[in-house]
Amino acid sequence: MFAVLSRAGDPDAAALTVLDASGALVRSEEHPRRALPAVVTALEADRPRWVWDDTARWYPPLLAAGVRVERCVDLRLCHAILRNSVFTTESSLATAPRSTWDAPGVGAADPGALFDLGGGDAEPDRDEVLAEFAAQQAAVDGSPEPGRIALLLAAESVGALLAAEMTHAGLPWRADVHDRLLSDLLGPRPAPGLRPARLESTLDEVRRALDDDTVNPDSPAALLAALRRAGIEARSTRSWELERVEHPAIEPLLRYKKLARLLAANGWHWLDTWVSGGRFRPVFVPGGVVTGRWASNGGGALQLPQHVRGAVLADEGWTFVVADAAQLEPRVLAAMAGDTAMAKAGQGTDLYEGMVRSGAVERREQAKYGMLGAMYGGTSGESGRMLPRLARAYPRAIGLVEEAARAGERGERVSTRLGRSSPKPGSEWQRVQASAYGDEASELDERRARGDSRAWGRFTRNFVVQGTAAEWALCWLGSLRRRLWQLGAGQPGDGQLTDRPHLVFFLHDEVIVHTPEHLAAEVAQAVQAAADEAGRLLFGSFPIEFRLSVATVRSYADAKD
DNA sequence: GTACTGGGCCAC
DNA sequence: AAACGTGGCCCAGTAC
């Protein structure tokens with residue numbers, strides 16, 4: 001059963017259209033928007049799949065009213081997948097001209113879209129939503145891989161629910177602890193426009209050592225000039241480069257850079273802007289990255305530095321279960337390539353250790369950097385040296401990424417396990433390639449074409465692995481979400497999402513669950529069970545293990561080993 | 001004032 | 001070890 005929500009004639013009302021499992025109309029009605037929480041709650045008992053144009057439009061007001069739904073179809077996210085997938089190229093959805101369904105959705109709109117009045121912010125009406133839903137079902141039904149695509153659409157959609165739920169719940173964040181942490185490192189909070197005391201005194205040290213009492217180290221150009229005047233032959237002011245320079249100014253300068261970065265990125269201003277009511281509420285953007293990873297808006301949720309994680313503290317009587325998937329990408333690669341040797345190396349152990357034990361390489365670091373290089377397209381250093389040995393030991397896994405790279409170099413699309421496909425390279429790329437084959441092609445043209453071609457190959461090489469890992473992660477999230485909700489049932493006050501164990505953070509291969517303390521052990525089991533389920537959903541009976549490192553901690557800072 | 005770019009650094 | 005994938009976001013500097 002499907003329950004379709006859309007715009008009604010009256011802007012203060014919404015249209016509800018109920019379809020049976022075959023898509024036949026059951027009933028159609030209109031409700032005032034303020035009545036939606038009650039209407040949705042009543043219908044949710046029948047476990048419909050809610051169908052709407054954009055989860056970020058419909059779900060937050062429901063959550064604010066205390067209403068959680070079990071499942072949905074996010075038509076905009078699904079459209080983006082079907083539009084581009086090599087599994088649905090023949091569908092009328094994929095061959096139709098671009099429409100408002102191809103525009104970024106609510107909350108994901110780029111600033112340039114402000115002038116695009118036909119953009120994704122315009123709410124489609126009932127007929128438009130029903131037509132799009134039908135077109136999507138037809139695209140799936142006509143696909144050579146309907147099962148995979150359908151799973152991907154379901155996973156993408158449950159991700160959209162979860163993204164809204166995590167923003168709603170927020171990541172517990174103790175502003176007082178954060179403030180103390182900043183004061184300890186930087187000195188007390190200064191008046192606006194002034195540097196904190198510790199930063200100021202560190203700056204003095206730098207200036208004295210450079211014999212330059214005005215240099216601003218926040219300006220790379222000015223800093224580089226000052227370093228040169230002091231006899232330091234640096235090509236840039238990057239920390240990793242400066243680390244190798246012997247000069248009394250370097251140590252305080254590196255210390256200054258660390259402190260300045262902390263202040264700028266996660267200082268008091270960040271705290272004022274992004275933390276309120278004891279919660280940090282980033283906006284997650286499902287499907288925001290071409291590979292299918294999530295992006296985020298506001299507060300830099302993709303880059304919470306280790307320094308400040310001590311401020312992430314569970315509520316009284318609650319705790320965190322923090323889990324991350326160990327060596328997720330190489331495990332995903334092993335499974336998608338059907339590389340039983342690599343899969344076996346990861347059984348019951350750290351994958352890289354297993355690769356050492358199997359004799360492929362001597363040291364864990366070699367396995368790690370070798371695999372990272374193989375998945376990113378690295379050629380230099382340790383990773384480049386290890387590639388031939390890895391290719392001998394794991395020909396199927398390495399062969400898969402090499403093949404993806406060659407396809408990208410030719411300008412072809414590649415796909416993930418479930419059928420998310422890479423975009424075609426842009427017209428400029430095509431032009432550069434074509435120019436290298438022209439009669440008057442210069443050596444420069446050829447070099448540029450070769451460079452662009454390899455760069456696109458590195459993108460497609462990484463796309464298949466990163467994108468399939470993102471699919472695994474979505475399945476993991478979806479399964480975990482369901483398990484957590486069930487775990488919390490029957491607890492006193494289990495009506496609200498945040499009364500039960502619930503997800504509060506997700507980053508590529510890592511989750512944080514906020515849970516009442518007495519349920520922590522069951523949550524930890526659920527997290528692993530969900531990982532196992534995700535593995536089966538993507539790879540069936542292929543013997544790949546998805547190992548997690550799971551920590552039950554009151555502070556996020558204590559989660560890393 | 002706003003828009004944009006390059007340098008730099010954080011995360012996975 | 002340092003150039004090799006995906007992001008967000010800060011600052012300085014420049015153009016308008």
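Since we're looking at a predicted model, the values are computed, not measured.
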Any ion pair linking [Y] and [X] (charged N to carboxylate O, less than 4.0 Å)?
{"X": "A/R448", "Y": "A/E428", "answer": "yes"}
{"X": "A/R481", "Y": "A/E165", "answer": "yes"}
{"X": "A/E353", "Y": "A/K368", "answer": "no"}

Using a heavy-atom cut-off of 4.0 Å across all strands, would you classify [X] as base, sugar-phosphate, or nothing?
{"X": "A/G373", "value": "nothing"}
{"X": "A/S296", "value": "sugar-phosphate"}
{"X": "A/G288", "value": "nothing"}
{"X": "A/G384", "value": "nothing"}
{"X": "A/N216", "value": "sugar-phosphate"}
{"X": "A/V290", "value": "sugar-phosphate"}

Counting only heavy atoms not in [X], do more than 12 fall under 6.0 Å of its [atom1]?
{"X": "A/R396", "atom1": "CZ", "answer": "no"}
{"X": "A/R364", "atom1": "CZ", "answer": "yes"}
{"X": "A/D532", "atom1": "CG", "answer": "yes"}

Exercise for review: Measure the distance from CG on A/L263 to P on C/dA12 and round it to the nearest whole Å.
Suggested key: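 Rounded to whole Å, this separation is 11 Å.
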Point to revise | Pairwise C1' distance, B/dC12 and C/dC4 [rounded to whole Å] | key: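 Roughly 15 Å separates the two C1' atoms.
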Provide a list of protein-nucleic acid N or O atom pairs under 3.5 angstrom, restricted to nucleotides 10-12 of chain B.
residue : atom : partner : partner atom : Å
B/dC10  : OP1  : A/K258  : NZ           : 3.0
B/dC10  : O4'  : A/R261  : NH2          : 3.1
B/dC10  : O2   : A/Q303  : NE2          : 2.7
B/dA11  : OP1  : A/Q306  : N            : 3.3
B/dA11  : O3'  : A/R309  : NH2          : 3.3
B/dC12  : O3'  : A/D509  : OD1          : 2.3
B/dC12  : O3'  : A/D509  : OD2          : 2.9
B/dC12  : O2   : A/R293  : NH1          : 3.2

Review point. Taking the six-membered ring for Trp, is the centroid-to-centroid distance between A/W456 and A/F463 below 6.0 Å?
Key: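 Distance test on ring centres: not under 6.0 Å, no.
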Check your understanding: Taking the six-membered ring for Trp, are A/W268 and A/H178 ring centroids under 6.0 Å apart?
Key ->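 Ring centroids of A/W268 and A/H178 are no less than 6.0 Å from each other.
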Check your understanding: In residues 232-253 of chain A, which residues come under 4.0 Å of DNA chain B by heavy atom?
Key ->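 When residues 232-253 of chain A is checked for heavy atoms under 4.0 Å from DNA chain B, the hits, listed by number, are A/S236, A/T237, A/R238, A/S239.
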